[in-house]
Amino acid sequence: GQAVGVLTAERRDVWSRLRGKLAEDRDNLRSLHVIDSAILVLCLDNTTPASHAEMAKSALHGTSRVLEGGESSGGVQGGTCINRWFDKSLQIIVCQNGAAGINFEHSVIDGHTVLRFAS
């Protein structure tokens, strides 16, 4: 139950090294293969954005906060940003209150295609 997806937000060289370490474990390797071969990632957020602006922020990059004592004491990353897989070209985000959004990497998917999909 760890939020491994947050590692995809790391610098590319750091994430590449960490991904290699994860892949050393057979179960992790299978999980990475399932994610890599999926057409999209569905992110179910335990949040209730109250406005379009809050939902847009969550869909674009996720919310972020440091837990357990703050950043200077080695705190842990929290928020919806840990519930994303930024290596995946298409992520559909659905919140507890039914608000939904899309995060996509537009170098591989045309914006018009995503808008058509969303509508």
Side-chain angles (χ1 to χ4, degrees):
Q2 299 301 319
V4 176
V6 73
L7 300 175
T8 64
E10 267 289 358
R11 291 188 340 251
R12 303 317 298 159
D13 60 327
V14 173
W15 167 229
S16 177
R17 183 175 42 79
L18 294 172
R19 182 184 168 99
K21 288 207 173 277
L22 285 170
E24 291 172 2
D25 176 88
R26 185 183 318 165
D27 291 334
N28 287 343
L29 183 61
R30 275 196 298 264
S31 295
L32 289 168
H33 175 72
V34 168
I35 294 167
D36 291 344
S37 62
I39 193 167
L40 58 86
V41 170
L42 176 62
C43 306
L44 300 174
D45 284 356
N46 189 21
T47 60
T48 54
S51 67
H52 292 298
E54 281 183 34
M55 185 61 222
K57 180 180 178 182
S58 184
L60 181 61
H61 50 71
T63 61
S64 175
R65 65 185 184 281
V66 177
L67 307 173
E68 298 180 18
E71 194 170 334
S72 62
S73 64
V76 179
Q77 182 75 40
T80 61
C81 66
I82 66 172
N83 190 32
R84 302 289 182 268
W85 196 268
F86 292 109
D87 275 3
K88 186 50 69 181
S89 299
L90 180 62
Q91 300 178 81
I92 298 175
I93 297 110
V94 181
C95 299
Q96 190 174 10
N97 65 352
I102 295 176
N103 181 300
F104 70 100
E105 169 49 53
H106 56 83
S107 67
V108 294
I109 301 175
D110 184 64
H112 292 97
T113 305
V114 175
L115 288 174
R116 184 141 194 151
F117 173 76
S119 66

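Residue indices begin at 1 and follow the sequence shown.
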*Asks:* Which pairs, with at least one residue in residues 78-95 and sequence neighbours excluded, count as a salt bridge (Lys or Arg N to Asp or Glu O under 4.0 Å)?
*Replies:*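 Residue pairs with at least one partner in residues 78-95: R12-D87, D45-R84.
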*Asks:* Would L90 and L60 show up in the same hydrophobic cluster when neighbours are defined by side-chain heavy atoms closer than 4.5 Å?
*Replies:* no
*Asks:* Between atom CG of L22 and atom CG of D27, what is the distance when rounded to the nearest 0.5 Å?
*Replies:*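 Rounded to the nearest 0.5 Å, the CG-CG separation comes to 12.0 Å.
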*Asks:* If you count the non-hydrogen atoms of other residues, nucleotides and ligands that lie under 6.0 Å from CD1 in I39, is the total more than 12?
*Replies:* no
*Asks:* Look up atom NZ in K57 and atom SG in C81, then write down how far apart they are to the nearest 0.5 Å.
*Replies:*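 K57 atom NZ to C81 atom SG measures 10.0 Å (nearest 0.5 Å).
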*Asks:* How far does CG of L7 sit from NZ of K21, to the nearest 0.5 angstrom?
*Replies:*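 Interatomic distance, L7 CG to K21 NZ, rounded to 0.5 Å: 13.0 Å.
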*Asks:* First locate atom CZ of R17, then atom CD of E10, and finally report the distance between them rounded to the nearest 0.5 Å.
*Replies:* 8.5 Å
*Asks:* I'd like to check F86 versus Q91 (side-chain heavy atoms, cut-off strictly below 4.5 Å). Are they in contact?
*Replies:*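 F86 reaches Q91 side chain to side chain.
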*Asks:* Where do E54 and T48 come nearest, in terms of heavy atoms and distance?
*Replies:*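 That closest heavy-atom pairing would be OE1-O, 4.4 Å.
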*Asks:* Is the side chain of N103 donor-acceptor paired with the backbone N or O of A59 at a distance under 3.5 Å, no angle test?
*Replies:* yes
*Asks:* Any idea which heavy atoms bring T80 and S58 closest together, and the distance?
*Replies:* OG1-OG, 3.4 Å
*Asks:* Using the rule that two of Ile, Leu, Val, Met, Phe, Trp, Tyr join whenever any of their side-chain heavy atoms come within less than 4.5 Å, decide whether F104 and V94 are in one cluster.
*Replies:* yes
*Asks:* Find the distance between CD1 (I92) and CG (L44) and round it off to the nearest 0.5 Å.
*Replies:* 10.5 Å
*Asks:* Is there a path of hydrophobic side-chain contacts, each under 4.5 Å between heavy atoms, that joins M55 and I102?
*Replies:* no
